[in-house]
Amino acid sequence: MSKQEKIFEILSNLNEKQREALLHIDGPILVIAGAGSGKTRVLTYRIAYLIHQGIAKPEEILAVTFTNKAANEMKQRIRDIVGRRANAIWIHTFHSMGARILRENYELLGYSRNFVIYDRDDQKRLLKNIMKSAGWKFDVGSLIYHIEQFKKYGVMPQDGRIQSIIEEYIEHMRKNNAMDFDDLLANTLKLFDKHPEVLDRYARKFRYIHVDEYQDTSPIQYKLIRRLLKYHNNIFVVGDEDQSIYSFRGADFRIILNFEKDFPSAKVVKLEQNYRSTKEILDLANRVIKNNRSRRHKVLWTNNTKGKKPVVLSHYSDREEAAAIVRIIEKSGRPYSDFAILYRVNALSRALEEALMRNGIPYNIVGGFRFYERKEVKDILAYLRLIYNPKDDMALERIISVPPRGIGGKTIQAFREIARREGTSIYEAIKGYLDEVARGKKTRQALEDFVNLIEDMKGHEGDVSEMAQELIDRIGYVEYIQSTEDPNQAQSRLENIQELINSMKGYSSLEDYLESISLSSDQDELDSRSGVKLMTIHSAKGLEFPVVFVIGLEENIFPHFLSLSENNVEEERRLFYVAVTRAQEELYLSYCDRRTFRSEMLQPSRFLEEAGLLDEEEESYTISEYTYEEEDTGDHPFRIGDIVEHKKFGIGRVMSIDGERVKVLFQREGLKTLVLKYANLKKVS
DNA sequence: GTATTAGTGTTTTTT
DNA sequence: ACACTAATAC
């Protein structure tokens, strides 16, 4: 195909509005892209068009996306059109862009090239250590919150003890050549402001800048973009304020609402035609979102045929809900991969998982416990991190006794103190002060072996996967797993390790591999796996599925009570909007009266009411026919919902029956699990 | 001093 | 499914 033909094809594959957006080349433009309106297509075509027309060279283009997965997809799609030249385009998340720029200029801020990125786990470990040596105990989660507040807004809490913990945290990060996620952005901004010549280099280079999911940019990300626009004012942003769902992470949707004020010459294009969902689904979404006040006027429409009406599922307990969903999936005759089950909080996946597993329906959970968060994967990665950067204390702490090698808490504590005293890392303390601590022969030998292991691995050349394999053999990790876990568990862990090793193939440097891992997000591993997909609504953003279940539609769960108390219902409503607009053909909205781990009765979510779905008078939206009682499995007279009496606990209600065990919610004692044989329950009603 | 085990708690959303 | 703790075993 000739160039001209390709360009013609690009343009003819777009609708009028999309084409209008694409053809705006110079100066700022905001594309308001409703859910499913083809924004990724506009973005990729626009970049391909710039290159094809010779308007910009690939290396003059920057595109910031929300996830690494989105970045890779975009790169692939551009590559399909323009070929290998696409590789020179900078397509990144804000964080990976920061990491790249910082690695290119590490010395200017006093870091070394191999700085590590601490994830949540490392942060927690570090904070616990700091508290331990200070003899204080605070909630780790709230400490992280304070650290973020301090980094973002310079706000220090009143409590002097918390202040000193934060100071020590920052001190440790600096000394150990480590950055957390916030640092990646803050340091990049610092680099630009302290070293204008560096900024100039990038600001001149990037003549065309694109930002996807603009509604979820934070003030600091916005500042980074502003800096980069120093010489060229060509900014192309795509977003939708109705899908801004990351305020807890610093996203501020007022940034998108202010776009025309910030860039006075801006053009604005609205994409309202939806290519994803049926009319019924879109109408529902429109009905709910129009209750938000902070938004532009926008109504999604479609040429699609009408489609099935959304269905409300109503059940007494989460177990019945799960059972009903299983029935719907099985009756449908669709492939399992057509289904996604979405929820507000990870905890809601539990009952579903059990039901799916019991019925032999394949499923995979996105997020929650992600692949890279599994113990065996984190163990091996921690070894690699330590080999790459001996200053990585958190990696060392994780694996010094995995597998157990005769080095325990007391010994480690001693080295921690030496490291503090000498201002070095723990690993260096072990190397340099062996005699001071380890008088016992056994401990000493164990420490020496450990150091030798790490040093030997450092010298390993060639493919990362080979090095990892050698490491695993040497530490006897397979034997360790087999000896501590039951066979099934062990099998799956070993498979995970194999998968991990496969993912290392083709990487010849630890640096590249570790970087690609540390910034990966939960969507990155989703792929096209078969099976029903379970995930939070947050992780479902940007995805689509033929059939979607949204569960947990109850007041205080969705909308979540913490958002209610923070006066942030509008964001919850946006979240609801994101959830329902994931559905292509069928949508089920589910609530129940009671959930495990919740003792109180639950009320249906206000969003159901706003959607016009709770009006039982109206025949079209009666509660679905999919209400089943779970079958009794054992030899007993009890059913879910029965009122029973127990000698000691008094009157209660049967919540679930699982073989010989029942869960009973007692009026006085709360939820108890009882073994039927011994409990001697009497039916009351 | 170190390893292992049983018992407990966990539950907003995440780059 | 995991992390953490306290108690016990080695």
From [options], pick the nucleotide closest to the side chain of [X]?
X: A/Ala347; options: C/dC4, B/dT12, B/dT11; result: B/dT11
X: A/Phe248; options: C/dA3, B/dT13, B/dA3; result: B/dT13
X: A/Arg398; options: C/dA3, B/dT2, B/dT13; result: C/dA3
X: A/Arg344; options: B/dT13, B/dT14, B/dT4; result: B/dT13
X: A/Thr93; options: C/dC2, B/dT2, B/dT15; result: B/dT15
X: A/Arg120; options: B/dT15, C/dC2, B/dA3; result: B/dT15

When you check the phosphate oxygens OP1 and OP2 of [N], does a side-chain N or O of [X] lie under 4.0 Å from one of them?
X: A/Ser563; N: B/dT13; value: no
X: A/Thr411; N: B/dG1; value: no
X: A/Thr67; N: B/dT15; value: no
X: A/Asn346; N: B/dT12; value: no
X: A/Arg574; N: B/dT13; value: no

Over how many whole Å does the gap from [X] atom [atom1] to [N] atom [atom2] extend?
X: A/Ile557; N: B/dT13; atom1: CD1; atom2: C1'; result: 14 Å
X: A/Asp121; N: B/dT15; atom1: CG; atom2: P; result: 14 Å
X: A/Tyr246; N: B/dT13; atom1: OH; atom2: P; result: 11 Å
X: A/Gln413; N: B/dT2; atom1: CD; atom2: P; result: 12 Å
X: A/Glu570; N: B/dT13; atom1: CD; atom2: P; result: 22 Å
X: A/Asp119; N: C/dA3; atom1: CG; atom2: P; result: 12 Å
X: A/Lys124; N: B/dG9; atom1: NZ; atom2: C1'; result: 13 Å
X: A/Ile365; N: B/dT11; atom1: CD1; atom2: P; result: 16 Å

May I ask you to check whether A/Tyr169 and A/His146 place their ring centres under 6.0 Å from each other? no
For A/Tyr591 together with A/His315, are the ring centres under 6.0 Å from each other?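 A/His315 vs A/Tyr591: aromatic centres not under 6.0 Å.
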Is the ring centre of A/Phe66 under 5.5 Å from the base ring centre of B/dT15, and are the two planes under 30° apart, so that they stack?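 A stacking contact does not exist, since A/Phe66 is not both close and nearly parallel to the base ring of B/dT15.
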Could you say whether the aromatic ring of A/His538 and the base of B/dT13 stack, counting only centre distances under 5.5 Å and plane angles under 30°? no
Which residue lies toward the 5' end of DNA chain B, A/Arg350 or A/Leu185, if each is placed at its nearest nucleotide? A/Arg350
Please classify the nucleic acid contact of A/Leu575 as base, sugar-phosphate, or nothing, using heavy-atom distances under 4.0 Å.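 If one applies the 4.0 Å heavy-atom cut-off, A/Leu575 turns out to touch nothing in the nucleic acid.
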Which is true for A/Arg125 with a 4.0 Å heavy-atom rule: it touches a base, it touches only sugar-phosphate, or it touches nothing? nothing
Given the ring of [Y], does [X] sit roughly above its face, with NZ or CZ under 6.0 Å from the centre of the six-membered ring and within 45° of the axis?
X: A/Lys533; Y: A/Tyr363; value: no
X: A/Arg574; Y: A/Phe253; value: yes
X: A/Arg573; Y: A/Phe607; value: no

Reference residue A/Glu554; test salt bridge (Lys or Arg N to Asp or Glu O under 4.0 Å); the match among A/Arg594, A/Arg595, A/Arg606, A/Arg344: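 Among the candidates, only A/Arg595 passes.
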